[in-house]
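What you see is a predicted model, and the numbers here were worked out from it, not measured in a lab. Numbered from 1 within each chain, the chains take letters A, B, ... in sequence-line order.
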Amino acid sequence: MAKACCGPGYASPAEAMQAPREKLLYTIAIYTGTGIQKPDYLCTIDADPESPTYSQVISRLEMPGIGDELHHMGWNACSSCHDDENMERKYLIVPGVRSTNLHIVDCGTDPRNPTLFKVIEGSEIKATTNLSAPHTVHCLGSEIIISMLGDAQGNAPGGYLHLDKEFNIIGRWENSMGEIKFGYDFWYQPRHNVMVSSEWAAPNTFMPGFDLEEVGHLKYGRELHFWDFEKKEPRQTMYLGEDGLIPLEVRFHHNPDSSHGFVGAALSANIIHWWKDTAGEWQWEKIVDVDNEPHPDWPIPIPGVISVILLSMDDRFLYLCNWLHGDIRQYDISDPHKPVLTGQVWMGGLLGKAPEVNGVKVTGGPQMIQLSLDGKRLFVTTSLFSTWDNQFYPEIRTNGGCMLMVNCDTENGGMEIDPDFVVDFGKEPNGPSRCHETRYPGGDCTSDIWI
Amino acid sequence: MTKVTVTLANRQGQTFEVDPRKTLLASLSEQGVDLPYGCKYGGCITCAARLMSGSVNQSAQVALNNRQINDGYIILCVARPLSDCCLEIGVDSHGKLYRNPFLDPLADHELKADIAAPMKENT
């Protein structure tokens, strides 16, 4: 039955998979922490193989000031307001983790040349909500919530900033943070009245860089929180312990009826799966455990450091990146309790398996990924966070980051790095920059939620 | 109000007269020095510089561990000079600021102040 409405996004995940192929990519690039005194910027990249500028940056939108550390970003609208014909997926909300500034970027008026529409100053956010360090942006019907990892002084746990659709600050979204110690990513699944949030650390802990000893001093997260989404308060906490050190990206199945979801525990290098059992209780289990790998120069084996995961729109494949090892893995999670490894590719990393790809020296490892709606093209960037890059991959200061594309076999499983696509951020006009999260004008596999 | 003199060792020894009530980031930026910065609340090390001589009050900083402090690093967005100072600024002063945490772990007394063990006395 055809839908009569014409709001943003798609009526269902299945409809999203039939959308036209993405022809533009929006990717963040940073100079914060690099020694180049230029603002971070949003790149528009040509992803149309028929275009003469395919695989090139075709426009750059600089932020007004330096030092934002752009990181993650999100759309003003997604499939959660598909029924609302007054909404449009037009603006990217692009936060600066360090500055707390929120940049509202108009990508709709001229998709090839986004422009800055509005800036919500970090000083205003801190003054009105006592929050700082914005991270994940999700639209919420017609409104927007953003996980904020610290209070105005950078202490945990922070909270959630609530914006209206005109980008005015409403205030704090949550009614209570309960006993939550840290914030990071979140995803909601309204048909189960649940939101799940994960834990990185206080901004004052992770922004200066990673001290391993601070994990033992409980300065980093190891818990997962299940919220009563309507009451806007945490209801249940899962203590993941050593299996779940630094749980980062949270992904529910796109199927809005499903209760299954996943989180990547970065330092433990595990995938944690949760679901609601037949008695209505939330359960969790570890389903992937990436072995630490020996290295001749390291006193202890290197952990994978799973910096990101995502699910294909049909919820069949889970992708993860081991930022320190240098591999991307594809698992068939048709049975979410029993993942099957179906593909693996290498780029960069500390194990030396693929120091150069498509003629570019890869500095860093596979980090942020974004999958096309049809599940066939995975775009990958290599920088994690300026201070952490500087610790683990110091050559990135002179080499910059890069973006590659991985072709994914959605029939039989399997992955291959595309030989014709590479964007070398070491050759940017103002000097080597570092690329991070990517989004597509028509939505992608980490932006859209169905209510 | 008595001003103090800040010398930038890695900027051809340029000198600046600054108000000791203001942060070094604010004073130097106002006088045209192009400095990196991030959070402006002392919680990230984007604006770190090295204090070669002199002294500062940076009691508001929470980003540096004790090893970085012992190596002379200061956080310009919260540090106020207590005397004439000589600084190395910018990323070219950050050589000892970043270390691989697995290859080069911190001793208990080198952690951040809130979790560091007391330094053992050398007698």
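- Only the side chain of B/Asp114 has a heavy atom closer than 4.5 Å to any heavy atom of chain A.
- Under the side chain to side chain contact (heavy atoms under 4.5 Å, CB included) rule, A/His436 has a single partner from A/Ile28, A/Ile30, A/Thr382, which is A/Ile28.
- Using a 4.5 Å cut-off between heavy atoms, A/Asn155 makes no contact with chain B at all.
- Heavy-atom distances place no part of A/Thr100 under 4.5 Å from chain B, backbone and side chain included.
- Between the side chain of A/His325 and the backbone N or O of A/Asp327 there is no donor-acceptor pair closer than 3.5 Å.
- B/Ile115 touches chain A through backbone and side chain together, each having a heavy atom under 4.5 Å away.
- To the nearest 0.5 Å, atoms CD1 (A/Ile302) and CG (A/Asn322) are separated by 11.0 Å.
- Between the side chains of A/Asn101 and A/Asp68, at least one donor-acceptor pair of N or O atoms lies under 3.5 Å.
- Within the 4.5 angstrom heavy-atom criterion, atoms from both the backbone and the side chain of B/Asp34 approach chain A.
- Of all the listed residues (B/Asp104, B/Leu103, B/Leu97), the one sharing the greatest number of non-hydrogen pairs under 4.5 Å with chain A is B/Leu103.
- Aromatic ring centroids of A/Phe182 and A/Tyr220 lie 6.0 Å or more apart.
- Here B/Asn100 is the residue among B/Val62, B/Asn100, B/Asp92 with the most heavy-atom pairs under 4.5 Å with chain A.
- Around the NZ atom of A/Lys361, the shell of radius 6.0 Å holds more than 12 heavy atoms that belong to other residues, nucleotides or ligands.
- With chain B as partner, the option from A/Gly67, A/Pro303, A/Gly33 having the largest number of non-hydrogen pairs under 4.5 angstrom is A/Gly67.
- Ion pairing between a basic and an acidic side chain is recognised when a charged N comes within 4.0 Å of a carboxylate O; A/Glu213 and A/Lys219 show no such pairing.
- Heavy atoms closer than 4.5 Å to chain B are found in the backbone of A/Gln153, but not in its side chain.
- For A/Thr34, the part sitting under 4.5 Å from any heavy atom of chain B is the backbone (N, CA, C, O) and nothing else.
- A/Leu161 is listed as a side-chain neighbour of A/Leu102, based on a closest heavy-atom distance under 4.5 Å.
- Between A/Leu324 and A/Tyr393 the shortest side-chain heavy-atom distance falls below 4.5 Å.
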Salt bridge (Lys or Arg N to Asp or Glu O under 4.0 Å) assessment of A/Glu121 paired with A/Lys126 = CA-CA 9 Å; A/Glu121 297 286 343; A/Lys126 290 178 204 170; over 6 Å; no
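- For the set A/Ser99, A/Ser386, A/Ala152, the entry with the most heavy-atom pairs within less than 4.5 Å of chain B is A/Ala152.
- Contact count against chain A (heavy-atom pairs under 4.5 Å) is highest for B/Val91 among B/Val91, B/Asp108, B/Leu111.
- Contact annotation for A/Ile66: both backbone and side-chain heavy atoms come within less than 4.5 Å of a heavy atom of chain B.
- Contact annotation for B/Tyr37: both backbone and side-chain heavy atoms come within less than 4.5 Å of a heavy atom of chain A.
- Of the candidates B/Leu87, B/Val18, B/Thr5, B/Thr23, B/Pro81 forms a side chain to side chain contact (heavy atoms under 4.5 Å, CB included) with just one, namely B/Val18.
- If you measure heavy-atom distances from A/Ala202 to chain B, you find no contacts under 4.5 Å at all.
- Of the listed residues (B/Pro101, B/Ala60, B/Gly90, B/Pro36), the greatest number of heavy-atom pairs within a distance under 4.5 Å of chain A belongs to B/Pro101.
- Comparing B/Glu110, B/Gln68, B/Arg99 by heavy-atom pairs within less than 4.5 Å of chain A, the highest count is held by B/Arg99.
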